[in-house]
Amino acid sequence: MKNKILKSLQEVSLKIFPEFTGKFQVTKPQDSIHGDWSSNLALIMAKQMKKNPRELAIEIISSLGDLDYSEKIEVAGAGFINIYLKEDIFFSQIKNYALGNFKGLLVEEKPRKILLEYVSSNPTGPIHVGHGRSAAFGSALANLLKVAGNKVTQEYYVNDRGLQAKTLGLSVFIRMQELTNKKVSLPEGCYAGEYVKVLALKAQKHFKNKYVLKNSDNLFFKTINEWFDYIDSNFDNFLELSNYVIRLQTDEIKKDLKVFKVEFDNWFNESSLYEKDLIRTTISNLKNDEIEKKDGALWFKSTNYGDEKDRVLIRDNEEPTYFASDIAYHENKFNRNYDEIINIWGADHHGYIPRVKASIESLGLDSKKLKTLLIQFVSLKEKGHKVQMSTRSGEFVELSKLIDEVGIDSARYYFLARKTEQALEFDIDLAKKTNKDNHVYYIQYAHARICSIKKELKKRKINFDLKSSLEKLNLLKENEKEIISLVNGYPEILKQCYKNNELHPLCFYLRDLSSKFHSFYNAEKIISDDKDYSDAKIALSTAIQEIINNGLNILGVDCPEAM
RNA sequence: CUCCCGGUAGCUCAGCUGGAUAGAGCAUCUGCCUUCUAAGCAGAGGGUCGCAGGUUCGAAUCCUGCCCGGGAGGCCA
């Protein structure tokens, strides 16, 4: 509908003022008193033509003539053009929704193959609430992109090697010694969480006595490096232990995410890049004159592309940096022929973007294909004060614990109901509530109530035919028709979400729609003796029910029929 | 010092690709259950849109400067 109006107005604007180049809008007015659709065309055009906007608006309207979809067109305010739709047009959209027909709801004219990488947290510990936000967002965004007709591959990049992996191996190793009553202590920088002890138990079962210290060994190293030196000279294949616990921890992450309705198509191991020697290949693909040897290390001149400073690719100990493997990973993504590559990163990585873009350009690839979305931090609030979180000390709050506390639906909804640029303060007490204060509950309750009306119909053996009832929508009162206006606005909300890669407008919309329904429900009985009017109300309710179901599905939130 | 995000009602936040009287929820106050879920609804009060300039017919929205809060600036990942 919006496109139709846009087209009509565009034609007229060119007729009146052929040189017109301005960008005008057609929007749904906040207040339905201003019509079903409204445009600021005259205001924008008046600027270029140096004319009075109101007079111009009148000219535009007379030039528009009769439109087959419009009941009346008015000038209002400073020169807004307000369009009121004919009833059959007004009702056409809601009929589809009530019938559960959401075809064409969101259409991408050129469907794309999209690679969506998110979470990708180090498998050196459990997923915590910050990752949870990325997980909820990424999975819901994937749903949305799919609704529009795109092919989406969801991927998790596993940092299964390198110093952090080895450090986890050491942390587990030390905890394993405690299991045989050795006196050891965890040096600064090791992973201190309880999960390390769990890994130690499993590793001990798996490796038996392979990684046990002899009694005579000195057990009081103060630093990680001292430990590494000792281990490297006393144990042949320490990597085997590291790899083993990394694999276990990755499986834990998979499990936690699956519970949270987040399922990846690919788990891409960083180590696979090394197995195929792709780091070296990628470095050789960078522009030759942008690589230089300095201070014993190999550098990439990312400053050529506006980065703050040049970056090391290969350290002076010949070990490639994380950045080097990340370039190889990105090259690999590009080689897999996606139309668009989206990374969802924590906001703390924002300084990392310029160097990655630089490397992509140096590889001769199109960096415009790559889009990075940043997500701000999560903090938790309980009983009025902040819950302290820190990954290092092991005091972070695990996602699985939050889910145990507030449930999957609440957690997903509240992660999504905030725009990503905004730091999120997650109110645990609120998310636990089972009343209208909790928005997700409120939305689900609206849906359940509508289901319950349907049950009541059956119980009372009242016949209800949806199709014919949809022809009675005109019997609704004026204030009830305003809900139809909101219902008709659903695709606009989704389009906005789609265009801007955001989901919070959908959350707000569903909450708003539910609120309107609860009022409607409460005003008077839906099921009444006035059969036709009653049918119309049930038909409207059905459309709301279907939209809530559709919307919650995109968010990955359950939509129960009874509560 | 440089870069990123935020600053809107007592609290938590929408609105920010310039438009009509700045919106929700919570909290506060007042009402509403014999009948489809009161797990709910109706109503009221509450605002220098961080500050100061600028652009415009029109600025919470765009530009500049400043103030406050958070984050980033490793041969960690």
Side-chain angles (χ1 to χ4, degrees), chain A residues 23 25 27 29-31 33-34 38 40 43-44 46-47 50 52-53 76-80 82 120-122 124 159 162-165 167 189 270 294-299 308-309 311-326 346-354 374-377 379 381 384 417-427 430 433-439 441-442 444-446 448-457 459-460 462 496 499-500 504-505 507-509 511-512 515 518-528 534 537-538 541 562-563:
Chain A
K23 274 192 181 165
Q25 289 170 336
T27 54
Q30 280 185 9
D31 195 328
I33 202 163
H34 295 125
S38 178
N40 61 349
L43 293 151
I44 303 289
K47 198 176 212 164
K50 300 200 166 77
N52 179 314
F80 289 96
N82 295 339
S120 300
S121 72
N122 273 342
T124 50
N159 304 125
L163 189 62
Q164 298 306 321
T167 304
E270 183 189 359
K294 200 173 72 184
D295 306 330
L298 191 69
W299 295 72
E308 283 180 342
K309 51 175 113 171
R311 309 291 174 177
V312 170
L313 296 169
I314 313 274
R315 288 182 265 252
D316 54 10
N317 65 5
E318 294 183 1
E319 176 73 8
T321 58
Y322 174 80
F323 178 47
S325 44
D326 212 18
D348 53 334
H349 285 64
H350 98 268
Y352 194 74
I353 296 172
L374 297 177
I375 301 198
Q376 290 288 336
F377 294 120
S379 60
K381 194 174 85 176
R418 183 82 73 247
K419 63 179 176 188
T420 50
E421 301 93 320
Q422 187 58 269
L424 169 65
E425 188 179 60
F426 194 107
D427 186 335
L430 177 65
K433 284 188 181 173
T434 54
N435 63 25
K436 72 191 180 77
D437 293 357
N438 183 342
H439 291 184
Y441 220 87
Y442 187 76
Q444 290 175 326
Y445 184 42
R449 265 186 158 171
I450 298 167
C451 293
S452 156
I453 293 167
K454 305 287 178 66
K455 276 179 213 144
E456 187 65 20
L457 285 173
K459 204 169 118 195
R460 296 196 210 164
I462 298 173
Q496 186 199 339
K499 193 177 142 204
N500 301 330
H504 68 277
C507 296
F508 282 89
Y509 174 82
R511 208 257 151 212
D512 206 29
S515 168
H518 286 303
S519 301
F520 169 66
Y521 176 91
N522 218 265
E524 52 186 57
K525 294 287 169 189
I526 305 277
I527 304 170
S528 67
S534 180
K537 291 174 91 168
I538 300 167
S541 304
M563 296 173 74

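By convention in this document, chain letters (A, B, ...) are assigned in the order of the sequence lines, proteins followed by strands, and residues within each chain are numbered from 1. Every heavy atom of this structure was used, including side-chain atoms; hydrogens, water molecules and symmetry mates were not.
As the counterpart of B:G46, no nucleotide is assigned, since no Watson-Crick or G-U wobble pattern has both distances under 3.5 Å. Across the strands present, B:U56 finds no partner; the criterion is a Watson-Crick or G-U wobble pair with both atom distances under 3.5 angstrom. Pair assignment for B:U2 gives B:A72, based on Watson-Crick or G-U wobble hydrogen-bonding distances that are each under 3.5 Å. For B:G40, the paired nucleotide is B:C32, the pair qualifying as Watson-Crick or G-U wobble because both relevant distances are below 3.5 Å.
Nearer to the 5' terminus of RNA chain B, by closest-nucleotide assignment, is the contact made by A:S38 (compared with the other of A:S38 and A:E270). Residues A:H518 and A:F323 both approach RNA chain B. Their nearest nucleotides, taken by heavy-atom distance, put A:H518 toward the 5′ side.
Within 4.0 Å (heavy atoms only), A:A46 reaches no atom of the nucleic acid at all. Among the heavy atoms of the strands lying under 4.0 Å from A:K499 is at least one base atom, whether or not backbone atoms are also near. Looking at heavy-atom distances under 4.0 Å, A:S519 makes contact with sugar-phosphate atoms alone, never a base. No engagement by A:A417 is indicated, since no non-hydrogen atom pair under 4.0 Å with the nucleic acid exists. Counting non-hydrogen atoms under 4.0 angstrom, A:N438 reaches nothing in the nucleic acid. Counting any heavy atom pair closer than 4.0 Å across all strands shown, A:Y441 reaches a base atom. Residue-level contact check: A:N435 touches the backbone only, with heavy atoms under 4.0 Å from sugar-phosphate atoms and none from bases.
Under a 3.5 Å cut-off, the side chain of A:T321 and the backbone N or O of A:L313 do form a donor-acceptor pair. Put simply, the side chain of A:N40 gets close to the backbone of A:Q25: a donor and an acceptor are under 3.5 Å apart. Side chain of A:S379 to main chain of A:F426: no donor-acceptor pair is present (N/O by atom type, distance under 3.5 Å, no hydrogens or angles). Listed for the A:T167 side chain is a donor-acceptor partner under 3.5 Å among the backbone atoms of A:L163. The closest donor-acceptor contact from the side chain of A:N435 to the backbone of A:D437 lies under 3.5 Å. In this structure a side-chain-to-backbone donor-acceptor pair under 3.5 Å is missing from A:S515 to A:R511.
Of the candidate nucleotides B:C75, B:A20, B:U17, B:C75 has the atom nearest to the side chain of A:R315. The side chain of A:R418 sits closest to B:U12 out of B:A20, B:U12, B:G19. When distances run from any side-chain atom of A:H349 to the nucleotides B:A77, B:U21, B:G74, the shortest one goes to B:A77.
Distance noted for atom P between B:C49 and B:A59: 13 Å (whole Å). For the C1' atoms, the distance linking B:C62 with B:U17 amounts to 10 Å, nearest Å. Using atom C1' as the reference point in both B:C63 and B:A22, the two lie 22 Å apart (nearest Å). For the C1' atoms, the distance from B:C1 to B:G58 is 39 Å, rounded to whole Å.
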Protein heavy-atom contacts under 4.0 Å, written 5' to 3' over nucleotides 1-10 of chain B as B (base), S (sugar-phosphate only) or - (none), form the string --BSSS----
Once base and sugar-phosphate atoms are separated, protein heavy atoms under 4.0 Å mark nucleotides 22-36 of chain B, 5' to 3', with B, S and - as --SSSS--------B
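Taking the six-membered ring where tryptophan is involved, the planes of A:Y442 and A:H518 are tilted, since the angle between them lies from 30° to 60°.
Close to B:A38, at under 4.0 Å from its OP1 or OP2, lies no side-chain N or O of A:Y442.
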